[in-house]
There are 2 protein chains.
Amino acid sequence: VKIAIVGSGALGLYYGALLQRGGQDVHFLLRRDYDALMKSGLKIFSSNGNFELPKIQGYCRTEDIGPVDLVLVGLKTFANSILSELVSPLVGKETHILTLQNGLGNEETLADLFGAERIIGGVAFLCSNRGEPGEVHHLGAGRVTIGEYLTCDRDRLETLASICNRCGIDCKTTDDLKKIRWEKLVWNIPFNGLCALLMQTVDCLLSVAGTRSLVRDLMLEVIRAANAQNLCLPISEEYAESMLQFTDNMGVYKPSMQIDREEGRQMETAAIFRRPLEFGRKQGIAMPRIEMLATLLEQVDGCNIRK
Amino acid sequence: VKIAIVGSGALGLYYGALLQRGGQDVHFLLRRDYDALMKSGLKIFSSNGNFELPKIQGYCRTEDIGPVDLVLVGLKTFANSILSELVSPLVGKETHILTLQNGLGNEETLADLFGAERIIGGVAFLCSNRGEPGEVHHLGAGRVTIGEYLTCDRDRLETLASICNRCGIDCKTTDDLKKIRWEKLVWNIPFNGLCALLMQTVDCLLSVAGTRSLVRDLMLEVIRAANAQNLCLPISEEYAESMLQFTDNMGVYKPSMQIDREEGRQMETAAIFRRPLEFGRKQGIAMPRIEMLATLLEQVDGCNIRK
């Protein structure tokens with residue numbers, strides 16, 4: 001299968017590397033690490049075993065890749081305005097597009113551009129960071145759950161999942177993409193938000209009673225908003241507890257939004273905060289803490305941008 | 001009148017200077033600026049005109065001041081645990097104690113220690129900061145409103161107010177100390193809290209729609225909690241609007257809590273946040289934003305302290 005990775009950050013490089021190692025024909029759109037990757041290849045440091053790809057197919061422009069069977073979108077959502085330009089050259093008659101981006105609204109954006117029938121959505125629970133140019137550190141987890149955006153093509157979904165699984169990516173399928181998107185937000189909203197705001201890793205928040213309880217309150221606001229969205233099955237409040245315990249096991253982990261702020265990048269507040277807030281508001285769900293967190297993040301982001 | 005200033009920060013030094021200039025016998029308990037003040041006196045840079053006191057009566061210990069007619073307490077509330085030790089040597093049979101500290105609970109603490117009949121409370125709307133050792137910058141405002149804590153000694157209150165006014169301190173009296181304390185919180189909670197959390201001055205918050213609206217939401221939570229406390233007259237919601245406009249006129253102002261954090265001091269979260277939250281909770285008032293802000297401040301304060 002010919003695959004293009006658009007957005008070769010910690011997520012795109014990690015999954016792309018597994019797919020290439022598993023025998024797929026993977027093409028990476030690169031930016032920051034182009035020189036290092038083309039010269040020395042890609043190194044993955046992983047709790048599941050380190051490995052190295054001495055040679056990868058890297059590009060500066062998607063025009064040089066041409067049409068593919070599958071586009072894997074791992075771009076930061078604040079760059080979604082350039083998806084049209086980046087993805088268009090990759091799309092042929094039979095091209096499928098899988099977005100593993102954060103937050104809400106990404107399938108919609110891609111569907112508007114390339115047609116809803118192509119779009120598969122997914123969420124990744126992956127702890128990985130970029131290291132030196134050409135290096136990715138996989139710290140743990142990595143399960144992907146994928147679902148159809150609009151069509152009901154179970155076969156396509158199962159085929160894609162089995163390719164992933166054969167390549168060592170733990171991939172499940174779901175009939176309720178909306179639910180898994182919201183489940184991911186139960187984690188993303190409190191941890192990405194508070195860690196980025198306070199510039200503290202997840203363990204700092206979880207080890208103090210006050211912030212641990214604030215994390216839980218934020219999770220419960222997400223769950224209430226989610227359960228007003230006509231999911232097939234509601235998210236139970238116990239899910240918050242299980243996410244707290246899951247995160248306890250992550251140790252000193254720095255969420256992506258904290259890294260974004262640290263490195264002076266924009267933060268993904270629109271997709272992770274504002275879209276969910278809109279969906280909640282439409283159903284009359286009060287989300288005062290999430291609203292406040294979004295406002296605070298935008299305020300520090302504004303400062304970053306002004307700098 | 002023999003007056004002792006306990007807590008000679010920007011507030012204590014400023015009002016103490018006005019009282020001394022007005023002919024009162026003022027004694028300052030000093031710490032940080034002792035050497036500079038004893039050597040070169042006190043300089044006030046004020047929008048109402050600069051002035052200088054070449055010589056002040058400064059002390060390292062209140063034992064050396066002895067009993068006074070009036071103790072003016074301007075100490076940071078996180079140091080209230082040493083009030084007993086600091087104030088005891090100043091208290092004689094006829095000593096009155098006026099606290100102009102921030103937040104709630106200060107009159108109660110002093111009343112427990114020295115008897116409720118001595119205690120007068122007050123709030124100061126004062127924009128002032130310390131500059132170089134021995135210098136205070138008065139940036140604007142300065143009105144003090146004072147009220148009896150428990151007794152109904154109108155005469156005592158009026159006498160004290162007229163002394164202040166004769167010395168150039170704009171001083172009003174009130175029959176509802178509780179109300180003016182809560183009114184001050186309508187300003188203190190959003191501005192001290194958000195400026196300290198984000199490390200941005202008030203104008204940064206007010207010039208962005210999102211944070212301006214968050215400031216207003218926080219004010220409305222304070223007003224709702226206040227109006228559940230049996231005030232003589234409720235605080236109207238328009239008070240929030242008037243405080244926003246008042247603050248627009250302050251320009252680039254850095255509230256005391258932001259300065260505290262910047263200089264690595266503890267922040268006054270107990271008096272300004274936790275006490276009001278307790279009073280609100282007792283009356284069943286939801287204050288999710290204030291609770292969240294308090295938790296965030298304690299978390300950054302914890303970091304400061306751990307450093």
Side-chain angles (χ1 to χ4, degrees), chain A residues 189-191 193-222 224-225 252 258 261 267 269-270 273-274 277-278 280-281 285-307, chain B residues 189-191 193-222 224-225 252 258 261 267 269-270 273-274 277-278 280-281 285-307:
Chain A
I189 285 181
F191 286 109
L194 293 174
C195 291
L197 179 68
L198 298 170
M199 295 305 262
Q200 297 184 10
T201 48
V202 296
D203 54 303
C204 298
L205 304 181
L206 291 173
S207 63
V208 177
T211 37
R212 188 177 183 98
S213 153
L214 174 57
V215 167
R216 188 184 290 108
D217 288 341
L218 286 161
M219 287 178 167
L220 294 177
E221 284 188 9
V222 182
R224 277 192 291 272
V252 183
Q258 183 182 354
R261 183 177 175 199
M267 294 189 280
T269 45
F273 286 85
R274 288 297 170 193
L277 280 165
E278 278 168 38
R281 189 178 304 120
I285 306 296
M287 303 162 88
R289 295 173 187 82
I290 299 177
E291 171 75 43
M292 175 162 161
L293 186 50
T295 300
L296 293 171
L297 289 167
E298 285 160 353
Q299 188 71 5
V300 298
D301 217 3
C303 273
N304 256 347
I305 293 166
R306 282 193 291 271
K307 252 183 240 165
Chain B
I189 284 181
F191 286 110
L194 292 175
C195 291
L197 179 67
L198 298 170
M199 295 306 261
Q200 297 184 10
T201 48
V202 297
D203 53 304
C204 297
L205 304 182
L206 291 172
S207 63
V208 177
T211 38
R212 190 178 181 97
S213 154
L214 174 56
V215 166
R216 187 185 290 109
D217 288 341
L218 286 161
M219 287 178 166
L220 293 177
E221 284 188 9
V222 182
R224 278 192 289 273
V252 182
Q258 184 182 355
R261 183 177 174 198
M267 294 188 281
T269 46
F273 286 86
R274 289 296 170 191
L277 280 166
E278 278 168 38
R281 191 176 304 120
I285 306 297
M287 305 162 87
R289 295 173 188 82
I290 300 177
E291 170 75 44
M292 177 163 161
L293 185 50
T295 300
L296 293 171
L297 290 166
E298 285 160 353
Q299 188 71 5
V300 298
D301 218 3
C303 274
N304 256 346
I305 292 166
R306 282 195 291 271
K307 253 182 238 167

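Everything numeric in this text was worked out from a predicted model, so none of it was measured. Both backbone and side-chain heavy atoms feed into the values below; hydrogens, waters and symmetry mates do not. Numbers restart at 1 for each chain; the letters A, B, ... are given by sequence-line order, proteins then strands.
B:F191 is linked by a ring pair (Phe, Tyr, Trp, His ring centres under 6.0 Å) to B:W187, counting only residues two or more places apart in sequence or in another chain.
Using a 4.5 Å cut-off between heavy atoms, B:L205 touches chain A through backbone and side chain atoms alike.
Listed in order of number, the residues of residues 289-296 of chain B that approach chain A to under 4.5 Å between heavy atoms are B:R289, B:M292, B:L293, B:T295, B:L296.
In this structure, A:Q299 CD and B:L198 CG are separated by 6.0 Å, a value rounded to the nearest 0.5 Å.
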